2 protein chains.
Amino acid sequence: MAGTRWLDEREMAAWHGFLEATSRVSRHLEQQLKEDAGLSHAQYEILVRLADAPDGEVRMTDLAHGLFTSKSGLTYQVGQLEKRGLVERRSCPTDVRGVLAVLTTEGRDTLRAAAPGHVAAVRAALIDVLEQDELDVVARALGRVGARLRPPGQGIGNSDSGGISTSSS
Amino acid sequence: MAGTRWLDEREMAAWHGFLEATSRVSRHLEQQLKEDAGLSHAQYEILVRLADAPDGEVRMTDLAHGLFTSKSGLTYQVGQLEKRGLVERRSCPTDVRGVLAVLTTEGRDTLRAAAPGHVAAVRAALIDVLEQDELDVVARALGRVGARLRPPGQGIGNSDSGGISTSSS
DNA sequence: AACAAGAGGTTCGAATTTGAACAACCAGGT
DNA sequence: ACCTGGTTGTTCAAATTCGAACCTCTTGTT
């Protein structure tokens, strides 16, 4: 396999830009959120999903699907949120194994208090830095990138058959 | 402060796309690299910087600047690389406090072996998923995003005075 | 009804990350 | 020569992450 297609300058710029933006934005938001609201980004995302759901309750598994952590990671974070009284665990009525994460009143208040600052930070770090057309390109292009790496067989169709494989052409 | 500018649908799509792409790509490459070469992404990046430098040696501090980990994180990772014999520590001639990380022959070989697979994975996950124009937009836009969050006073000028601040209003 | 296959969550240990504290050292002015 | 302030790299404890092992329970099949 002599022929590796290395990255040319433009490709390298895109890759490096992606990497740097990724880690800087992530770190920045993590800090902002922890300082202003005492939440990790993961915890904030959990609260958002719960707040968006009817009755503020979501099954653990469903929570894990939209989320970017492993099963055990979710267990841990929900545990932390439970300690602080922002979330309660309740057993699922339709499946004895199931566990529902339920948003408490205090959890909802905490989220309400944290949201404005977080949105402002997201704007300042990413959204408001992009031009209108860049915004759309980023949404479309990165959306495609994320979707292609989505694990198969969950949610609404991947729609893209061209999977990613480690076959060396 | 009643007026929070929430994210509209397009902005939300961009933000979510960015988040998902970020975490999926990161996780995917991490696994690919660990499976194929037994390296973490952080370790791979360290080897790359060393290989690019004259004599394959870089000062710890300089290494940390281009890199996306904390000082202590770097100490740890270089320690791991040293254990495997891919890197050596040498004291800096011009500054007694300083430590040089030096690429060993074995380290260079390991990198050479790992690079093609990694580049292929980067292509498959990101680069080849983007159209030409998308590639350029991503490079320019995300480059700007990353640069704005770059800590001040290192490297070649940020050129952008409009810093990011947590001032309300 | 009994069974195999698998889903749902938690628990465990190992690896990694982070910021703060630390010790040693350079640089500039006095 | 002597402080003062800032740098350099490491060490430390605490928090977090991951995958694998593990039980309990559901589901589809026979």
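Note that the structure is a prediction, hence the values are computed from the model and not measured. So you know, we letter chains A, B, ... as the sequences are listed, proteins then strands, and number each from 1.
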- [ ] Measure from the side chain of Arg27(B), starting at C-beta and using heavy atoms only, and say which of dT17(C), dC18(D), dT17(D) lies closest.
- [x] dC18(D)
- [ ] Show which residues join Leu81(A) in its hydrophobic cluster (side-chain heavy-atom contacts under 4.5 Å, direct or indirect), or state none.
- [x] Leu33(A), Leu39(A), Tyr44(A), Ile46(A), Leu47(A), Val48(A), Leu50(A), Val58(A), Met60(A), Leu63(A), Leu67(A), Leu74(A), Val78(A), Leu86(A), Val87(A), Val99(A), Leu103(A), Leu111(A)
Task: Ion pair Arg59(B)/Asp95(B), N-O distance below 4.0 Å - done: yes
- [ ] Rounded to the nearest angstrom, tell me the gap between atom OH in Tyr44(B) and atom P in dT16(C).
- [x] 19 Å
Distances under 3.5 Å between protein N/O atoms and the N/O atoms of nucleotides 9-12 of chain C, please, pair by pair.
residue, atom, partner, partner atom, Å
dG9(C), OP1, Arg59(A), NE, 3.1
dG9(C), OP1, Val99(A), N, 3.1
dG9(C), OP1, Val99(A), O, 3.4
dG9(C), OP2, Thr61(A), N, 2.8
dG9(C), OP2, Thr61(A), OG1, 2.2
dG9(C), N7, Lys71(A), NZ, 3.4
dG9(C), O6, Lys71(A), NZ, 3.4
dT10(C), OP1, Arg89(A), NH1, 2.6
dT10(C), OP2, Thr75(A), OG1, 3.0
dT10(C), OP2, Arg89(A), NH1, 3.3

Open item on the list: Around atom CZ of Arg89(A), are there more than 12 heavy atoms from other residues, nucleotides or ligands closer than 6.0 Å?
Closed with: yes
Open item on the list: With a cut-off of less than 4.0 Å, is there a side-chain N or O of Gln80(A) near OP1 or OP2 of dA15(D)?
Closed with: no
Task: Salt bridge Asp109(A)-Arg112(A), side-chain N to carboxylate O under 4.0 Å - done: yes
Open item on the list: Rounded to whole Å, how long is the line connecting atom CZ of Arg90(A) with atom P of dG8(C)?
Closed with: 20 Å
- [ ] Measure from the side chain of Gln77(A), starting at C-beta and using heavy atoms only, and say which of dT17(D), dC25(C), dC18(D) lies closest.
- [x] dT17(D)
- [ ] Tell me which of Val96(A) and Gln43(A) sits closer to the 5' end of DNA chain D, going by the nucleotide each one is nearest to.
- [x] Gln43(A)
Task: Test item: Asp128(A) and Arg5(B) side chains (from C-beta on) under 4.5 Å apart, heavy atoms - done: yes
TODO: Any chance you could lay out the salt bridge (Lys or Arg N to Asp or Glu O under 4.0 Å) test for Arg10(B) and Asp8(B), step after step, and finish with the verdict?
DONE: CA-CA 6 Å; Arg10(B) 293 165 65 222; Asp8(B) 65 32; 5.1 Å; no
Task: Distance test, side-chain N/O of Gln31(A) to OP1/OP2 of dG19(C), below 4.0 Å - done: yes
Open item on the list: Tell me the interatomic distance from Leu67(A), atom CG, to dC18(D), atom C1', rounded to whole angstroms.
Closed with: 15 Å
